[in-house]
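Start at 1 and go down the list; that is how both ligands and their atoms are numbered.
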Amino acid sequence: MDQDLFHQGEKQEYKKAIIVGASSGMGKELCRILIRKDYAVGITGRRENLLKDLQLESPGRIFYRAFDIRDMSKTTRGLNELIRELGGLDLLVLSSGTGFINEDLDSEPEFQTIDTNVTAFTDIMTFAFRYFLKHPPGHIVGITSIAALRGNAAAPAYNASKAFQSNYLEALRLKSRNAGKSIVVTDIRPGFVATDMAKGEKQFWVSSPQKAAAQIYRAIVKKNRVAYISRRWRLFSIFLKILPRVLYEKL
Ligand SMILES: NC(=O)c1ccc[n+]([C@@H]2O[C@H](COP(=O)([O-])OP(=O)(O)OC[C@H]3O[C@@H](n4cnc5c(N)ncnc54)[C@H](OP(=O)(O)O)[C@@H]3O)[C@@H](O)[C@H]2O)c1
């Protein structure tokens with residue numbers, strides 16, 4: 001174990017987390033919180049300069065690898081290297097995601113969304129689940145979206161991919177239980193958060209990424225199955241779920 005992973009001379013070992021997609025937004029703010037809460041954190045993203053800047057906030061306790069999660073061999077290599085540097089893994093958070101307003105239904109943005117939010121998501125989730133089966137207990141967190149709940153004409157692939165993610169996380173939770181394992185799986189469903197990902201003009205109940213990350217951390221500590229960010233979005237989710245199709249189509 002690297003000496004840097006210990007408080008000056010004390011025997012206290014840090015908890016170990018990887019945040020996939022921590023170069024900006026909620027992932028970046030969650031990294032800052034985990035550092036304050038005695039974690040060593042592996043961070044990833046494509047924008048290496050931003051990862052480097054974040055690492056400089058806590059050198060020796062933040063490690064980074066820059067890769068595009070759509071490249072599966074680089075993803076596997078990057079995650080394995082981070083786990084080696086951290087000396088193990090307790091928590092994996094997948095925050096990387098993409099989405100486009102696609103009024104004209106061009107195929108390129110749709111496939112780009114599926115490549116990132118479905119294929120790469122599945123690659124990372126299967127990696128994490130199999131890792132924690134071998135190294136229990138483990139905690140997996142996916143940042144999905146309130147968009148998982150209904151279809152959206154302006155961004156068809158985004159909402160559909162988020163529905164896939166939520167459904168997949170539920171399946172992993174069941175798989176862990178059926179196998180008698182203690183892997184915790186948390187589905188974080190943000191409404192609007194003020195990051196580059198917040199698209200569209202009709203935004204309301206917008207949280208700052210700092211507030212969102214604080215609520216994500218709370219859900220991690222409480223081992224929540226599902227958490228809405230901010231919490232008032234839970235009410236909106238109930239409304240969305242019960243809203244009859246004829247009324248939803250008029251929105
Ligand atoms: N903001 C919202 O209103 C909102 C609402 C609901 C759900 N969400 C979800 O929250 C998650 C985090 O987004 P955010 O709001 O924090 O936005 P953000 O600041 O744009 O963060 C997105 C992160 O994903 C990474 N990423 C995107 N494509 C990637 C790729 N191909 N390979 C590797 N990393 C990639 C980005 O890093 P690089 O660009 O450096 O690669 C960045 O770190 C997303 O899954 C998003 O769908 C956001």
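Judged by a 6.0 Å distance limit and a 45° cone about the ring axis, Arg77 is not positioned over the six-membered ring of Phe67.
Using a 4.0 Å cut-off between heavy atoms, Arg70 contacts ligand 1 through its side chain alone, with no backbone atom that close. With a 4.0 Å heavy-atom cut-off, ligand 1 is reached by the side chain of Lys162 but not by its N, CA, C or O. When heavy-atom distances to ligand 1 are checked against a 4.0 Å cut-off, Thr98 has no atom that comes that close, whether in backbone or side chain.
Applying the 4.0 Å criterion to heavy atoms of Phe67 picks out, from ligand 1, the atoms 32 (N), 33 (C). Near Ala198, meaning under 4.0 Å from any of its heavy atoms, are these atoms of ligand 1: 1 (N), 3 (O). Of all atoms in ligand 1, listed by their number and element, those nearer than 4.0 Å to a heavy atom of Ser96 are 24 (O), 25 (C), 26 (N), 33 (C), 34 (N), 35 (C), 45 (O). Set against the non-hydrogen atoms of Ala22, the atoms of ligand 1 under 4.0 Å away are 43 (O). Less than 4.0 angstrom separates some heavy atom of Phe192 from each of these atoms of ligand 1: 3 (O). Close approach of ligand 1 to Ser145 (heavy-atom distance below 4.0 Å) involves ligand atoms 6 (C), 7 (C). Taking every heavy atom of Ile143 and a limit of under 4.0 angstrom, the matching atoms of ligand 1 come to 9 (C), 10 (O), 11 (C), 45 (O).
A side-chain donor-acceptor contact under 3.5 Å links Asp187 and Thr144. A donor atom on one side chain and an acceptor atom on the other are not found under 3.5 Å apart for Gln55 and Lys52. A donor and an acceptor atom, one from each side chain of Ser24 and Arg47, are located under 3.5 Å apart.
By the 3.5 Å distance cut-off applied to N or O atoms, Gly45 is not counted among the residues near ligand 1. Considering backbone and side-chain atoms alike, Ile146 places every N or O at 3.5 Å or more from each N or O of ligand 1. Considering backbone and side-chain atoms alike, Ile69 places an N or O below 3.5 Å from some N or O of ligand 1. Note: an N/O pair closer than 3.5 Å links Asp68 and ligand 1 by distance alone. Ligand 1 has no nitrogen or oxygen under 3.5 angstrom from a nitrogen or oxygen of Asp196.
Atoms CG and OG, on Asp53 and Ser23 in that order, are 10.5 Å from each other to the nearest 0.5 Å. To the nearest 0.5 angstrom, Ile140 atom CD1 is 10.0 Å from Leu94 atom CG. One finds the CD atom of Gln210 at 9.0 Å from the NZ atom of Lys28 (value rounded to the nearest 0.5 Å). Here the OH-CG distance, from Tyr217 to Leu34, works out to 7.0 Å after rounding to the nearest 0.5 Å. Distance check: Phe236 CZ to Tyr228 OH gives 11.5 Å after rounding to the nearest 0.5 Å. Here the CG atom belonging to Asn80 is positioned 11.0 Å from the CZ atom belonging to Arg65, to the nearest 0.5 angstrom.
Regarding atom 3 (O) of ligand 1, its nearest protein heavy-atom neighbour is Val193 N, 2.9 Å. Of the protein's non-hydrogen atoms, the one nearest atom 7 (C) of ligand 1 is Thr144 O, 3.1 Å. Of the protein's non-hydrogen atoms, the one nearest atom 47 (O) of ligand 1 is Tyr158 OH, 2.7 Å. For atom 37 (O) of ligand 1, the closest non-hydrogen atom of the protein is Ser23 OG, 2.8 Å. Of the protein's non-hydrogen atoms, Thr195 OG1, 2.6 Å is the one closest to atom 15 (O) of ligand 1. The closest protein non-hydrogen atom to atom 21 (O) of ligand 1 is Ser24 OG, 3.5 Å. Closest to atom 13 (O) of ligand 1, if we only count protein heavy atoms, is Met197 CG, 3.5 Å.
Counting heavy atoms from C-beta on, the side chains of Tyr39 and Lys16 never come closer than 4.5 Å. Using a 4.5 Å cut-off on side-chain heavy atoms (C-beta onward), Val20 and Val93 make no contact. Inter-residue side-chain proximity for Ile18 and Val41 is flagged as unmet; no heavy-atom pair is nearer than 4.5 Å.
In the candidate list Met26, Glu29, Arg46, Arg46 is nearest to atom 30 (C) of ligand 1, counting heavy atoms. The heavy atom nearest to atom 22 (C) of ligand 1, considering only Gly25, Ala66, Gly97, is found in Gly97.
At least one heavy atom of Gly191 sits closer than 4.0 Å to an atom of ligand 1. Heavy atoms of Ser95 approach ligand 1 to within less than 4.0 angstrom.
Using a 30° and 60° split on the angle between ring planes, Phe127 and Tyr131 fall in the parallel class, below 30°.
Checked against the 6.0 Å centroid threshold, Trp233 and Phe204 count as a close aromatic pair.
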